[in-house]
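Presented below is the structure to which this report refers.
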Amino acid sequence: MERKGIKIIKADIKEIVKQLNKALSDEWLAYYQYWLGEKLVRGKFREEVAAELGQHAGDELKHAGMIADRIIQLGGTPVLKPEEWYKLTNCGYDAPEDPDVIPILKQNIKGEQCAIEVYQKLAEMLKDKDPITYLMVLSILKDEIEHEDDLINILEDIQ
Ligand code: FE
Ligand code: FE
Ligand code: MG
């Protein structure tokens, strides 16, 4: 049966799904980068930094879930294989090779700044065209801005 919720969208749904799958790949890579960072991080304010990284990992996983649910609702398929994440990602993956708090924080700040740009562009694309995906993107953008802010505040406290 035809879905009214799909019919109201005034943009190319295939393109929306494509962009959402790119964002979904970013979220999984960001999740792992934070998850591993939490375990590896060493140095000044280690416990505080680790707690923040762990909290952000949880948020990125939540974002991945929101995006996958929306892709399915739009009739698309969430990226099926982890090997695709590297091909689709906008922001890439920064391996936490140096576990000191400063490089870990800087890597994740860079990731958040990339995410903010990605979601800002997606929001512009969706505005007035797909209100529900737009709303979701704004809610994720709000979290990414909070993440950037939290990490910069910790970095400034340390330095
Ligand atoms: Fe995220
Ligand atoms: Fe984030
Ligand atoms: Mg936080």
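Remember, it's 1-based here, ligands and their atoms both numbered in the order they're listed.
With 2.8 Å as the limit, Glu52 counts as an N, O or S neighbour of the Mg ion (ligand 3). For a distance bound of 2.8 Å, the N, O or S atoms of Glu27 include one lying that close to the Fe ion (ligand 1). Coordination check, Glu146 versus the Mg ion (ligand 3): failed, since every N/O/S atom of the residue sits at 2.8 Å or beyond. None of the N, O or S atoms belonging to Asp59 lies under 2.8 Å away from the Fe ion (ligand 2).
Restricting His147 to its N/O/S atoms, the shortest distance to the Fe ion (ligand 2) is reached by ND1. With respect to the Fe ion (ligand 1), His63 has ND1 as its nearest N, O or S atom. The nearest N/O/S atom of Glu144 to the Fe ion (ligand 1) is OE2. Per residue Asp150, closest N, O or S atom to the Mg ion (ligand 3): atom name OD2. Nearest N/O/S atom of Glu60 relative to the Fe ion (ligand 2): this is OE2.
No hydrogens or angles considered: nothing links the side chains of Glu60 and His56 as a donor-acceptor pair under 3.5 Å. Between the side chains of Asn108 and Gln33, at least one donor N or O lies within less than 3.5 Å of an accepting N or O. A donor and an acceptor atom, one from each side chain of His63 and Glu144, are located under 3.5 Å apart.
Stacking of Lys39 on the aromatic ring of Trp35 is recorded, both the 6.0 Å distance cut-off and the 45° axial limit being met.
Heavy-atom contacts from other residues, nucleotides or ligands closer than 6.0 Å to CD of Glu47 number 12 or fewer.
Annotation: angle subtended at the Mg ion (ligand 3) by His56 NE2 and Gln55 OE1 is 120°, to 10°.
For the pair Lys129/Ile9, no side-chain contact is recorded, criterion being any heavy-atom separation below 4.5 Å from C-beta on.
Panel note: side chain Asp98, backbone Pro103; no donor-acceptor pair is recorded below 3.5 Å.
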